[in-house]
Protein chains: 2
Amino acid sequence: MRRPTLEVVAARAGVSRSSVSRVVNGEATVAPEIREVVMRAVRELGYVPNAAARNLVTRRTHAVAVVVADPPQGVVSDDPLFSTVVRAVSRELEAAGKQVVLMLAESDRSRARVEEYVAGGHVDGVMLVALHGTDPLPAALARTGLPVASFNRTCAPDVPYVELDNAAGAALAVRHLLERGRRRIATITGPLDLFEARERLDGYRAALRDTGRRSIVALGDFTRASGAEAMRQLLEDDPELDAVFAANDLMAIGALRTLRQVGLRVPEDVAVVGFDDIEAAAYTVPALTSVRSPMADQARATVRLLLGLIEGGSRDRVVMPNALVVRDSS
Amino acid sequence: MRRPTLEVVAARAGVSRSSVSRVVNGEATVAPEIREVVMRAVRELGYVPNAAARNLVTRRTHAVAVVVADPPQGVVSDDPLFSTVVRAVSRELEAAGKQVVLMLAESDRSRARVEEYVAGGHVDGVMLVALHGTDPLPAALARTGLPVASFNRTCAPDVPYVELDNAAGAALAVRHLLERGRRRIATITGPLDLFEARERLDGYRAALRDTGRRSIVALGDFTRASGAEAMRQLLEDDPELDAVFAANDLMAIGALRTLRQVGLRVPEDVAVVGFDDIEAAAYTVPALTSVRSPMADQARATVRLLLGLIEGGSRDRVVMPNALVVRDSS
DNA sequence: CTGAAAGCGCTTACAG
DNA sequence: CTGAAAGCGCTTACAG
């Protein structure tokens with residue numbers, strides 16, 4: 001049962017295809033009685049315009065690719081932020097009448113697919129999420145000539161992006177710990193090929209440097225397991241430490257677990273602060289102090305940036321502010 | 001800078017458009033020297049076939065819509081399962097050469113958009129996730145004539161689906177608690193307009209009925225907050241209860257929080273069991289016993305079901321088994 | 001094995 | 001305001 005075409009609707013309504021097209025596209029220059037009769041035919045036949053035909057001539061797809069360029073270990077898409085970001089982006093794009101085409105770029109093969117897909121004219125623009133700092137994908141996509149915006153910082157010079165003020169957020173956490181009287185403040189970093197992770201580490205270092213204290217650093221990869229492991233490492237390195245700033249909440253949750261296992265009390269013995277303020281932060285024991293990054297806001301900002309580019313707007317970089325949510329862990 | 005067309009490639013290679021098309025589509029019936037010269041032209045010009053033109057004539061899009069039909073409160077897409085499911089589905093579809101078009105169906109307006117999009121021939125098939133039992137969307141989509149498969153049970157008679165054996169999973173949890181010597185076992189349900197929630201409640205009831213014990217039920221909606229609230233309610237209703245089965249882990253996490261707040265020990269005073277075995281279950285205090293539902297497997301099964309339908313296969317219903325992961329909370 | 005031609009279902013100047 | 005016609009960029013019988 002083939003779907004009816006414009007042709008069929010025109011025949012039914014006794015008008016030309018042009019007129020049907022105009023009515024369907026809501027053009028003003030149509031006589032009321034023609035509009036009327038066309039609308040009826042459309043309704044009766046259950047006519048829906050064929051997308052491919054329309055795209056072919058208009059060169060507009062009303063679709064946007066959201067490319068989640070996940071590092072191999074799946075840091076980001078395993079993250080609670082994944083759903084927050086994907087949802088916020090979807091809602092915003094939908095409100096703007098754009099369809100979301102979700103693409104996971106993991107393997108080299110899937111990256112090649114993404115490039116081909118975008119170059120094939122399937123979408124009007126591309127939004128990138130969660131890139132390695134050195135990911136070549138942004139630059140490759142920018143080369144297609146389509147509008148591209150990134151949810152986080154990239155190193156492609158011509159791809160505008162939105163980002164958190166990661167360094168400032170980290171500094172906020174460290175200063176809070178200092179105010180609480182903590183002396184030996186360690187940090188657990190994210191994977192340092194991500195800008196976010198590097199910037200949060202920088203913020204931590206800068207805040208400590210201001211007070212002449214030394215850094216105590218363990219590497220993590222943004223997963224709970226790595227946070228637990230890094231905490232163990234830190235305690236070995238410096239049994240005297242009295243605070244830890246984890247570069248995201250998942251690692252902070254892992255750190256809490258290790259501290260409990262070795263019998264250290266939080267916050268009495270060791271204070272813990274995370275980053276992102278995911279929903280689970282309010283449900284840890286004790287509840288986790290965290291830097292709140294308004295992910296949904298960031299997602300909205302990126303969408304607006306991209307929509308602006310599609311409409312031919314400017315390519316400004318946007319930086320989102322942070323706040324600290326103090327709970328029981330510090 | 002318009003992208004080169006088949007025409008341009010043909011001119012460059014000095015052959016017909018037909019030949020270029022054949023080479024690009026990997027047809028066997030092409031002389032090696034023609035293939036050679038076409039490939040070179042393609043490479044030099046950076047030719048990528050226009051998707052709209054191709055779809056228009058082949059009536060194939062190589063795309064699949066993944067429709068997350070979330071209840072208004074956003075139960076599902078706030079859920080850690082969202083990312084698990086979306087990722088597993090994306091990977092599987094990508095491996096099959098299908099593009100994922102993610103659509104959130106929340107408001108009536110966005111539901112209408114989904115229907116129109118699907119009817120417009122944008123996709124080869126539809127995968128539904130997270131429906132109310134009474135959601136009219138599955139039936140509406142089935143009416144477009146396109147292949148539709150659901151990640152969970154629906155009430156549309158002609159939409160095949162994959163589902164967990166929810167009742168059996170719940171019964172597993174209850175029997176485990178009985179074996180541990182618990183006498184007064186309560187449950188916190190999910191929103192009862194979801195089949196999953198109803199079936200888990202049924203399983204709980206059936207398992208208790210077998211032993212002649214009575215049900216103690218509080219309603220939740222699959223969120224942490226509702227779990228915390230329901231737990232409070234249960235303790236008021238029956239201060240003697242010694243176990244609770246929450247219909248998902250998030251609510252179990254909320255229940256743990258309430259129990260801690262009122263000074264009850266887990267599992268000494270009250271044992272807690274959840275459902276889904278999300279990653280966070282291993283990180284609660286105490287670590288949460290949970291019914292493991294192989295989400296990724298379920299996602300894969302649904303994708304295979306849908307791909308089968310697209311290829312013209314059968315419409316079998318699939319039921320996935322469950323297991324219990326025993327941790328410290330019971 | 002190759003090419004000329006028709007056609008997929010739309011939109012959009014262009015006349016009238 | 002309306003319609004006839006061209007054209008978007010491809011694929012695919014059909015001849016040869």
Side-chain angles (χ1 to χ4, degrees), chain A residues 1-39 41-42 45-63 116-124 144, chain B residues 1-39 41-42 45-63 116-124 144:
Chain A
M1 174 213 66
R2 202 106 119 192
R3 301 206 63 87
T5 67
L6 205 60
E7 183 94 48
V8 177
V9 177
R12 174 90 157 220
V15 300
S16 73
R17 279 151 56 207
S18 314
S19 292
V20 176
S21 176
R22 290 189 189 105
V23 171
V24 169
N25 290 297
E27 276 176 44
T29 66
V30 181
E33 60 269 29
I34 289 207
R35 178 180 306 280
E36 176 61 26
V37 69
V38 168
M39 298 273 252
V42 165
L45 295 166
Y47 171 73
V48 178
N50 177 294
R54 197 176 243 181
N55 296 348
L56 180 57
V57 35
T58 61
R59 295 164 188 296
R60 275 279 196 150
T61 65
H62 302 288
E116 175 145 353
Y117 189 81
V118 169
H122 280 93
V123 292
D124 296 338
T144 64
Chain B
M1 175 213 66
R2 201 105 122 191
R3 303 205 63 88
T5 67
L6 205 59
E7 183 94 48
V8 176
V9 177
R12 173 90 157 221
V15 301
S16 71
R17 281 149 56 206
S18 314
S19 292
V20 177
S21 176
R22 289 186 192 107
V23 171
V24 169
N25 290 296
E27 277 176 44
T29 64
V30 181
E33 59 269 30
I34 289 209
R35 176 179 308 281
E36 177 60 27
V37 69
V38 168
M39 299 273 252
V42 164
L45 295 166
Y47 171 73
V48 178
N50 177 292
R54 197 174 242 182
N55 295 348
L56 180 57
V57 36
T58 61
R59 297 163 186 294
R60 273 282 196 149
T61 65
H62 302 289
E116 175 144 353
Y117 189 83
V118 169
H122 280 94
V123 292
D124 296 339
T144 64

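Sequence lines set the chain letters: A, B, ... in the order given, protein chains first and strands last, and positions in each chain run from 1.
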At under 4.0 Å, does any side-chain N or O of A:Ser19 touch on OP1 or OP2 of D:dT2?
no

Is there a donor N/O on one and an acceptor N/O on the other, under 3.5 Å, for the side chain of B:Arg22 and the base of C:dG3?
yes

Nucleotide nearest B:Val57 when distance is taken to its side chain, options C:dC8, D:dT2, C:dG9
C:dC8

Report yes or no: do A:Asn50 and B:Arg59 form a side-chain donor-acceptor pair below 3.5 Å?
no

Nearest to the B:Ser18 side chain among D:dG3, C:dG3, C:dC10, which nucleotide is it?
C:dG3

Sort out the partner of C:dA4 for me: Watson-Crick or G-U wobble, both distances under 3.5 Å, none otherwise.
none

Kindly say if B:Arg17 contacts the phosphate of C:dT2, meaning a side-chain N or O under 4.0 Å from OP1 or OP2.
no

Has the side chain of A:Arg3 got a donor or acceptor atom sitting under 3.5 Å from an opposite partner on the base of C:dG9?
no

Between C1' on D:dC8 and CG on B:Leu6, what's the gap in Å once rounded to a whole number?
13 Å

Judged by each residue's nearest nucleotide on DNA chain D, which is more toward the 5′ side, A:Pro32 or A:Ala53?
A:Pro32

Would you mind telling me which residue lines up with the more 5' stretch of DNA chain C, B:Leu56 or B:Ala31, judged by nearest nucleotide?
B:Ala31

Calculate the interatomic distance between A:His122 atom NE2 and D:dC10 atom P; express it in whole Å.
12 Å

Which part of the nucleic acid, if any, lies within reach of B:Asn25 when heavy atoms closer than 4.0 Å are counted: base, sugar-phosphate only, or nothing?
sugar-phosphate

Should C:dA13 form a Watson-Crick or G-U wobble pair with both distances under 3.5 Å, which nucleotide is its partner?
none

Can you check side-chain contact (heavy atoms from CB on, under 4.5 Å) on A:Val20 and A:Arg12, steps first, answer last?
CA-CA 10 Å; A:Val20 176; A:Arg12 174 90 157 220; over 6 Å; no

Please report, rounded to the nearest Å, how far the P atom of D:dG9 is from the CZ atom of B:Arg59.
20 Å

Nearest whole angstrom, please: distance from the P of C:dG9 to the CG of B:Asn50.
17 Å

In whole angstroms, the gap separating P of D:dG9 from CG of A:Asn55 amounts to 13 Å

B:Ala28 or A:Glu7, whichever maps to the more 5' nucleotide of DNA chain C
B:Ala28

For atom CD of B:Glu27, is the number of surrounding heavy atoms from other residues, nucleotides or ligands below 6.0 Å larger than 12?
yes

Rounded distance in Å - CD (B:Glu33) to C1' (C:dT2):
11 Å

side-chain N/O A:Ser21 vs C:dT11 OP1/OP2, d < 4.0 Å
yes

For the pair A:Thr61 (side chain) and A:His122 (backbone), establish whether a donor and an acceptor sit closer than 3.5 Å, ignoring hydrogens and angles.
yes

With distance as the sole test, does A:Ser21 use its side chain to make a donor-acceptor pair with the main-chain N or O of A:Arg17 at under 3.5 Å?
no

Working for side-chain contact (heavy atoms from CB on, under 4.5 Å), residues B:Arg22 and B:Val15:
CA-CA 11 Å; B:Arg22 289 186 192 107; B:Val15 301; over 6 Å; no

Find the distance B:Glu27:CD to D:dT11:P and express it as a whole number of Å.
9 Å

Taking atom C1' of D:dT2 as reference, at what distance in whole Å does atom CZ of A:Arg35 sit?
13 Å

Side-chain contact check for A:Ser16: nearest option of D:dG3, D:dT12, C:dC10 is D:dG3

